[in-house]
Student: 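Questions regarding the structure given below will be posed in turn.
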Amino acid sequence: MDKKLVIIDGNSIINRAFYALPEMNNKEGLKTNAIYGFTTMLFKIIDTYKPTHISVAFDRKAPTFRHLEYEEYKAGRKKMPDELRVQFEPLKELLDKFNINRLEIDGYEADDIIGTVSKKGEENGYKVYIVTGDKDAIQLASDKTTTLITKKGIGEVEEYNFDSVMEKYEMTPTQFIDLKGLMGDKSDNIPGVPGVGEKTGIKLIKEFSSIENLVENVDQLKGSVKKKIEENKELAIMSKRLATIIRDVPIEINLDDLEFGDYNKSDVLDIFRYFGFNSLLSRVLELDGGFESEEEEININILDLENIEEFKNEINNKKELILKTVRKQGNILEKNIINIFMSLDGENIYCINEDAIEKFKDIFSSNDIKKYGYNLKDDYLALRPYDIKLENMQFDIVIAEYLIDSTSSTSYECSAIAMKYLTKKVKSEEELLGKGVKAKKYENLDSAQLKDHIGQIINTVKNVMPIMEETLTDMNMDELFHSVEMPLVEVLGSMEYRGIKVDKDKLNELGIEFRKIISSLESEIYELSGETFNINSPKQLGVILFEKLELPVIKKTKTGYSTNADVLEKLKDSHPIIDKITEYRQIVKLNSTYVEGLLNIINPISNRIHSSFNQTITTTGRISSTEPNLQNIPVKMEIGRKIRKVFISDNKCKLVDADYSQVELRVLAQMSQDENMIEAFKHNEDIHTKTASQVFNVNMEEVTSQLRAAAKAVNFGIIYGKSDFGLADDLNIPLKKAKEYIESYFAKYSKIKGFMDETIEKATENGYVTTILNRRRYIPEIKSSNFMERNRGKRFAMNAPIQGSAADIIKIAMVNVYKKLEEKNLKSKLILQVHDELIVEAFEDELEEVKQIVKDEMENAVKMDINLDVDLNTGNSWYETK
DNA sequence: CTAGTCACG
DNA sequence: ACGTACGTGACTAGT
């Protein structure tokens with residue numbers, strides 16, 4: 001095989017990469033953009049040129065012979081930014097893991113090493129490639145050496161060999177040195193001959209072929225050029241010497257040591273994981289052609305179940321089961337299972353179809369057999385229509401991965417998890433089904449494909465679990481995982497399955513009412529603006545308001561005028577149309593999102609709404625709700641609040657609505673241990689009034705509603721890390737005043753200030769912050785070199801422990817309420833969670849007991865120095881529970 | 001598919 | 001001096 005040698009100018013490529021890519025950090029906040037760019041470049045070169053040998057040359061700090069000869073060499077260069085400097089060592093480590101040879105030597109630049117190695121390569125019959133961003137290396141191009149110069153950042157390279165240089169520049173590669181000697185080079189501070197630029201330089205080189213020859217025959221020139229050359233002979237010759245890449249650097253090189261390919265793959269993968277280069281993991285596997293060889297592929301035996309009893313006995317003996325259901329899409333309340341795949345060892349995988357489900361009912365609903373899986377809530381829900389409750393869900397790898405990294409930008413897809421933990425290629429959903437409208441459905445896959453895919457998932461679950469278990473323990477989250485998040489899976493599944501009853505007629509009625517208002521507002525707006533237009537288009541509305549009506553522009557967006565509620569609020573006295581638009585927006589929102597939106601999603605079988613509660617979305621630990629989002633049903637304005645009349649209790653039931661009072665501020669008081677605030681909560685005082693009296697130095701009785709509102713804004717602002725500027729804007733007060741408020745606040749609640757500072761410090765030191773249950777949020781932004789990003793990171797750091805701890809608390813309460821209701825065999829069910837609020841659909845004959853349970857379990861979810869306080873309300877509709 | 005807007009805690 | 005409050009999801013317009 002032909003020997004191919006790639007020599008990379010390490011400094012040049014890392015520089016290019018650094019400036020070409022936006023800032024990137026690993027979880028610990030280490031800057032990685034230049035390393036990442038270098039690595040992708042390296043991969044690209046390997047893919048394209050398939051080198052047998054690789055070497056990377058680096059500059060040394062020590063002065064080179066060029067500096068010694070010419071003091072001004074490379075003077076005036078900008079200092080290397082720290083963000084780049086810190087990436088050198090990690091990059092060199094990465095190269096070491098790849099067993100890629102590195103060369104550096106005092107007194108010479110990377111260029112000279114490259115010149116030397118390439119010469120040696122040529123002499124020994126190698127085909128040589130030089131990779132750099134520096135055009136000087138074109139002088140090394142020959143019929144055996146190709147110089148690859150990066151262009152467009154680092155995305156592409158341009159090839160130079162002897163012929164292409166001749167063709168393009170009508171000069172030999174080595175004549176580039178002579179040209180540079182004449183022209184000089186600003187970036188290296190090589191003087192050249194003053195007054196000679198590119199044009200003259202090229203002309204002279206073409207005519208005289210070298211600087212030496214030119215100097216000797218200077219008589220043949222005339223005019224000013226002759227004078228310039230005559231006066232600067234020495235300068236030209238020295239410049240040439242500075243520009244000449246040395247090709248016999250005194251360095252021991254054994255080309256055999258440069259051979260590429262002998263490295264420990266798992267070490268490389270480890271360092272990639274450390275850098276957070278998850279997207280490159282698969283590329284590592286593909287590097288030496290083809291994926292992990294066949295023999296490493298797992299062995300999936302999918303058997304038709306011949307002897308169900310035998311398999312069931314095995315499960316009963318082992319008391320655990322990995323399972324994955326495959327379901328057609330369809331009504332949540334209907335039987336839609338196609339297959340259930342089950343396994344004990346992750347390799348022998350059994351598959352049953354719908355008819356056999358009943359036979360496994362005792363297994364699935366056994367509290368004795370631990371269930372492991374991937375998105376277990378789906379399995380729970382798939383089985384419910386068969387009158388089977390999947391019990392004892394112990395380990396869901398998606399939930400585990402969410403706890404391990406809630407900020408992960410990749411979804412918690414099996415393919416990503418398998419790659420991260422096992423470095424195994426599993427097809428992603430998109431690869432399996434395709435994407436967009438043309439995507440296939442599970443029911444349309446052929447059975448071999450389906451079996452293989454689910455087999456891979458089950459195998460992944462099996463192999464990933466022990467690693468995740470250890471990781472969770474190391475991160476102190478085993479308790480959170482096993483006692484809170486995993487039990488919550490069933491709670492959320494149960495909430496979804498039960499759903500909430502809706503009064504469809506009432507919803508339709510509201511729709512009629514809203515549409516009436518909308519059409520009259522529409523006419524009024526057209527009247528006031530003198531023309532019809534699409535009021536729903538911010539763009540068209542902007543034109544009407546700010547061009548036609550010439551109202552003052554308050555704020556701009558990326559694409560044009562801002563017309564949001566804040567802006568309209570500031571404009572409302574300038575034109576009567578503004579109030580109409582505000583109202584129009586409000587009613588349109590109610591109609592389209594809530595009336596139309598909810599009507600579309602009422603389950604025809606149950607006449608109820610079955611929202612999905614997602615446990616792995618938010619970075620802070622909160623739950624989110626989709627299709628529909630039941631966590632943002634209007635409540636603030638009376639007209640919107642009417643939507644809540646639609647959510648009603650079933651026959652013989654009432655809705656019990658329990659919400660924590662000021663849970664986030666209580667958490668803040670607890671975590672900061674601020675005596676002042678703890679005291680306020682202990683005396684059950686209105687916290688905002690109390691804050692007002694403390695911050696504004698007045699008696700509790702003297703606190704006006706304005707003062708209370710200001711204090712409330714400050715209290716919330718603190719939780720979010722708000723600035724004086726934002727507070728001033730919010731309260732419409734001078735900046736100075738806002739500053740005073742915050743200062744006075746921190747003076748009164750001094751430990752809160754201390755807590756915030758400590759939290760930021762911890763985040764900076766560890767790269768993450770934690771909640772009361774050790775839930776972790778990584779904050780790479782906190783180490784950003786960008787002021788704004790870094791400040792955002794600080795706000796995340798201040799907010800996440802508070803919001804996240806509140807989420808922890810209500811999750812514990814949910815699990816405990818659910819357990820109690822089950823234990824006592826009550827028919828009443830938990831049906832909704834809205835961050836600090838739980839809603840139970842309670843049977844009237846259980847009402848008092850349920851109220852007690854909910855209040856108790858919520859108030860005693862965790863032990864704190866401050867009591868948790870819960871407000872309870874009961875009604876026939878959500879509207880009534882206020 | 002993104003941006004703007006607005007509903008909630 | 002920088003710009004300026006955290007966490008979500010749904011809908012509409014417009015490219």
Side-chain angles (χ1 to χ4, degrees), chain A residues 406-407 435-436 533-542 555-568 581-582 584-598 600-601 611-614 617-637 639-641 643-644 659-665 668 713-730 735 738-739 742 769 777 779 784-804 806-807 810 832-837:
Chain A
S406 67
T407 50
K435 68 169 176 177
F533 63 100
N534 187 345
I535 311 168
N536 296 317
S537 160
K539 195 175 160 190
Q540 294 183 37
L541 179 62
K555 205 165 75 179
K556 288 205 144 200
T557 66
K558 269 185 263 183
T559 50
Y561 311 110
S562 171
T563 65
N564 71 18
D566 282 354
V567 170
L568 296 184
I581 288 165
T582 305
Y584 174 89
R585 282 239 175 106
Q586 190 187 5
I587 311 295
V588 163
K589 174 89 178 178
L590 291 175
N591 191 55
S592 57
T593 302
Y594 298 103
V595 176
E596 306 287 349
L598 291 177
N600 277 328
I601 211 158
S611 170
S612 296
F613 291 98
N614 199 315
I617 297 287
T618 70
T619 50
T620 52
R622 276 189 177 179
I623 287 164
S624 87
S625 157
T626 51
E627 284 183 288
N629 181 356
L630 291 185
Q631 292 179 321
N632 71 349
I633 302 299
V635 68
K636 288 170 185 163
M637 309 291 269
I639 185 147
R641 197 174 201 144
I643 298 287
R644 294 186 171 222
D659 72 298
Y660 280 118
S661 134
Q662 310 296 355
V663 62
E664 291 193 339
L665 284 173
L668 175 60
V714 179
N715 269 327
F716 281 110
I718 297 297
I719 292 176
Y720 303 138
K722 195 177 199 171
S723 66
D724 46 12
F725 182 94
L727 186 69
D729 189 51
D730 244 34
L735 186 62
K739 212 172 195 154
I742 291 176
V769 292
R777 172 172 177 176
I779 304 177
S784 171
S785 52
N786 176 300
F787 174 85
M788 212 170 77
E789 272 290 289
R790 202 164 54 248
N791 276 347
R792 278 184 71 218
K794 288 181 186 173
R795 294 196 296 269
F796 294 159
M798 292 188 272
N799 176 259
I802 301 171
Q803 191 182 121
I810 198 161
L832 281 183
Q833 188 253 40
V834 192
H835 309 310
D836 62 356
E837 171 186 11

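All of these numbers come straight from a predicted model, not from anything done at the bench. Below, chains carry the letters A, B, ... as their sequence lines are ordered, and counting in each starts from 1.
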Student: Taking atom C1' in both C:dA5 and B:dC8, compute the distance separating them and give it to the nearest angstrom.
Tutor: 16 Å
Student: Using atom OH of A:Tyr720 as one end and atom P of C:dC6 as the other, report the distance to the nearest whole Å.
Tutor: 10 Å
Student: By the 4.0 Å heavy-atom rule, please label A:Asp730 as base, sugar-phosphate, or nothing.
Tutor: base
Student: When the distance from CD of A:Gln833 to C1' of C:dG7 is rounded to whole Å, what number comes out?
Tutor: 12 Å
Student: Rounded to whole Å, how long is the line connecting atom NZ of A:Lys722 with atom P of C:dT4?
Tutor: 13 Å
Student: What nucleotide among B:dG4, B:dC8, B:dC6 has an atom nearest to a side-chain atom of A:Thr559?
Tutor: B:dG4
Student: Starting at atom CG of A:Leu590, determine the distance to atom P of B:dT5, rounded to an integer number of angstrom.
Tutor: 18 Å
Student: To the nearest Å, give me how far apart CG (A:Asp724) and P (C:dA5) are.
Tutor: 10 Å
Student: Would you say B:dT5 has OP1 or OP2 under 4.0 Å from some side-chain N or O of A:Arg585?
Tutor: no
Student: Would you say a side-chain N or O of A:Arg777 is under 4.0 Å from OP1 or OP2 of C:dG7?
Tutor: yes
Student: When every nucleotide of nucleotides 8-15 of chain C is labelled 5' to 3' by its protein contacts under 4.0 Å (heavy atoms), B for base, S for sugar-phosphate only, - for none, what sequence of letters results?
Tutor: SBBSSSSS
Student: Would you find a donor on one side and an acceptor on the other, under 3.5 Å apart, between the side chain of A:Ser611 and the backbone of A:Thr626?
Tutor: yes
Student: Can you tell me the distance, in whole Å, between the CG atom of A:Asn591 and the C1' atom of B:dC6?
Tutor: 15 Å
Student: Mark yes or no for whether A:Asn799, through its side chain, and A:Ile719, through its backbone, hold a donor-acceptor pair below 3.5 Å.
Tutor: yes
Student: Checking A:Asp729 side chain against A:Phe725 main chain: does a donor-acceptor pair fall under 3.5 Å?
Tutor: no
Student: Treating A:Arg790 as the side-chain partner and A:Ser784 as the backbone partner, does any N or O pair qualify as donor plus acceptor under 3.5 Å?
Tutor: yes
Student: When all nucleic acid strands are considered with a 4.0 Å heavy-atom cut-off, which category describes A:Ile633: base, sugar-phosphate, or nothing?
Tutor: sugar-phosphate
Student: With side chain to side chain donor-acceptor pair (under 3.5 Å) as the test, pick out the partner of A:Arg777 among A:Thr618, A:Thr407, A:Thr619.
Tutor: A:Thr619
Student: Can you figure out which of C:dA5, B:dT5, B:dC8 approaches the side chain of A:Ser562 most closely?
Tutor: B:dT5
Student: Of the non-hydrogen atoms in A:Gln540 and A:Asn534, which two are nearest, and what is the gap between them?
Tutor: OE1-N, 2.8 Å
Student: Closest heavy-atom contact between A:Ile802 and A:Glu664?
Tutor: CG2-O, 3.5 Å
Student: In dot-bracket notation, what is the pairing pattern of DNA chain C, taking Watson-Crick (N1-N3 plus N6-O4 or O6-N4) and G-U wobble (N1-O2 and O6-N3) contacts under 3.5 Å, with [ ] crossing and | for other strands?
Tutor: .....|||||||||.
Student: Nearest to the A:Asn564 side chain among B:dC8, B:dG4, B:dC6, which nucleotide is it?
Tutor: B:dC6
Student: If the cut-off is 4.0 Å, is A:Arg795 near the phosphate of C:dA5, judged by side-chain N/O to OP1 or OP2?
Tutor: no
Student: Rounded to the Å, how far apart are A:Asp729 CG and C:dA5 P?
Tutor: 8 Å
Student: Could you measure between the two P atoms, the one in B:dT5 and the one in C:dT4, and give it in whole Å?
Tutor: 15 Å
Student: Within a radius of less than 6.0 Å around CD of A:Glu627, do more than 12 heavy atoms belonging to other residues, nucleotides or ligands occur?
Tutor: no
Student: For the pair A:Arg644 (side chain) and A:Ile633 (backbone), establish whether a donor and an acceptor sit closer than 3.5 Å, ignoring hydrogens and angles.
Tutor: yes
Student: Got a donor-acceptor contact below 3.5 angstrom from the A:Ser625 side chain to the A:Leu630 backbone?
Tutor: yes
Student: What is the distance, rounded to the nearest whole Å, between atom NZ of A:Lys739 and atom P of C:dT4?
Tutor: 17 Å
Student: For A:Asn799 and A:Phe787, take the nucleotide of DNA chain C holding the closest heavy atom to each; which residue's nucleotide lies nearer the 5' end?
Tutor: A:Phe787
